[in-house]
Amino acid sequence: MDNDVLNFLSMQQCSVQWRSFMGIFAQELTENLTTTNLRWLLRRTGQRFAKQHPLPDCPTLPALEQAINRFWQSINWGSAMVTEENACLIIRHYLSPLQISMLPENMNWSTGFLEGVYETWLHQSGADSSLRLSQSGLDPELGTVEYRLERHTPDRGIG
C-alpha cells in the first residue's frame, strides 16, 4: 500500500483535538518515568479498559476476532486479526491511534495498552490464567503490533 495512503489512514485514527495534547502528554510521561514503568502503566490501563468493555461470549476464534473488530471499529481504533500458529495464539492489531496520539517513538511502551486489553479479554473468554500475552512484533510505520499468548515463564517476565 502507498505510504501516503497509509499515513492518511493512520491520521484518521486519532481525532484532531487529541493529537497535540496526547503527544505532549506522552513527552511529559517519558521525561518522568522509565520505559518499563510506562509500559506497565499502559498495560494496567488496558486491563481496566477491557474490564469496562467486556466482549460477548465467543465460542470460536473467528467469533472472538469478529467481536474484537466490532468493538474496535465502533470506537475507530483499527482492526485485529486473531490466528493460531504452532499452538500459539497470535493477535495482530492494525491502525490503532497509538502511533499518532502517543507519537511513533513511544510505540515501544504505549502498545502496552493493547497488551493489557487483549490479555484481559482472552482471560475473560476462558484462556488459562497461566497464559500471558506479550508483544512479539512492532511496525511503528504501519502502526501494526503483534502479540503472542503463551505460558508464562518466570525467567522471561510478562511484558
Side-chain angles (χ1 to χ4, degrees), residues 10 13-15 17-58 61 64-84 88-159:
S10 294
Q13 296 307 100
C14 183
S15 299
Q17 73 265 29
W18 285 104
R19 286 183 203 152
S20 181
F21 169 78
M22 292 303 293
I24 291 167
F25 183 61
Q27 289 172 338
E28 186 65 28
L29 288 172
T30 59
E31 287 181 16
N32 293 291
L33 296 170
T34 66
T35 300
T36 300
N37 287 341
L38 286 165
R39 185 160 188 85
W40 278 104
L41 173 67
L42 271 286
R43 192 178 213 285
R44 286 190 306 270
T45 302
Q47 292 167 340
R48 286 178 186 253
F49 184 88
K51 288 173 185 172
Q52 277 192 331
H53 302 281
L55 296 177
D57 288 338
C58 302
L61 280 184
L64 178 65
E65 180 180 271
Q66 185 177 35
I68 287 170
N69 283 317
R70 193 174 301 124
F71 178 77
W72 288 136
Q73 290 166 8
S74 76
I75 63 169
N76 202 27
W77 261 68
S79 64
M81 186 170 58
V82 181
T83 58
E84 191 172 1
C88 181
L89 190 71
I90 309 288
I91 298 176
R92 290 183 185 90
H93 192 104
Y94 303 94
L95 294 170
S96 85
L98 292 171
Q99 83 177 73
I100 299 301
S101 64
M102 300 299 270
L103 306 176
E105 62 265 31
N106 296 320
M107 291 283 286
N108 60 333
W109 57 264
S110 65
T111 53
F113 174 79
L114 291 170
E115 191 174 276
V117 170
Y118 284 125
E119 184 177 276
T120 301
W121 278 346
L122 291 170
H123 288 155
Q124 288 172 343
S125 295
D128 188 291
S129 63
S130 69
L131 299 175
R132 293 289 179 258
L133 193 77
S134 59
Q135 186 174 317
S136 55
L138 173 64
D139 183 346
E141 187 174 308
L142 299 176
T144 302
V145 189
E146 179 181 279
Y147 301 96
R148 292 180 168 275
L149 184 69
E150 300 176 295
R151 199 153 305 282
H152 170 67
T153 55
D155 56 348
R156 269 189 53 208
I158 295 176

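Side chains included, hydrogens not; waters and symmetry mates left out as well; all remaining heavy atoms used. Numbering of residues begins at 1 and proceeds along the displayed sequence.
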Side-chain contact test, heavy atoms from C-beta onward, threshold under 4.5 Å: evaluate it for E119 versus H123 and give yes or no. yes
Any donor-acceptor N or O pair under 3.5 Å, side chains T34, R39: no
Is it the case that the side chains of T120 and Q47 hold a donor-acceptor pair, with the cut-off being a distance below 3.5 Å and no angle test? no
Side-chain heavy atoms of L114 within contact of S96, under 4.5 Å: yes
Which value, rounded to the nearest 0.5 Å, describes the distance between L64 atom CG and N69 atom CG? 9.5 Å
If you count every heavy atom of other residues, nucleotides or ligands that lies below 6.0 Å from D57 atom CG, does the total exceed 12? no
Heavy-atom closest pair, residues Y94 and T144: CD2-OG1, 3.5 Å
Using 30° and 60° as the class boundaries, would you call the ring planes of W77 and H93 parallel, tilted or perpendicular? perpendicular
Please report the interatomic distance CG(L89) to CG(L133), rounded to the nearest 0.5 Å. 8.0 Å
Euclidean distance, I91 CD1 relative to M81 CE, rounded to 0.5 Å: 11.0 Å
Once rounded to the nearest 0.5 Å, what's the spacing between atom CG of L122 and atom CG of D128? 12.0 Å
A side-chain contact here means heavy atoms from C-beta on lying under 4.5 Å apart; do L41 and W109 qualify? no
What distance separates Q135 CD from E146 CD, expressed to the nearest 0.5 Å? 9.0 Å
For the pair W121 (side chain) and H53 (backbone), establish whether a donor and an acceptor sit closer than 3.5 Å, ignoring hydrogens and angles. yes
Looking at V117 and A50, what are the two nearest heavy atoms and their distance? O-CB, 3.6 Å
Over all heavy atoms of both residues, which pair between A67 and L55 is shortest? Give the atoms and the distance, please. O-CD2, 3.9 Å
E65 and A80 have their tightest heavy-atom pair at CG-O, 3.8 Å
Looking only at heavy atoms, which two atoms of G78 and Q73 are closest? And how far apart? O-CG, 3.8 Å
Mind checking whether F49 and W72 have parallel, tilted or perpendicular rings, split at 30° and 60°? parallel
Rounded to the nearest 0.5 Å, what's the gap from CG on N108 to OG1 on T111? Could you check? 7.0 Å
Are the side chains of R92 and T83 in touch, meaning some heavy atoms are under 4.5 Å apart? yes
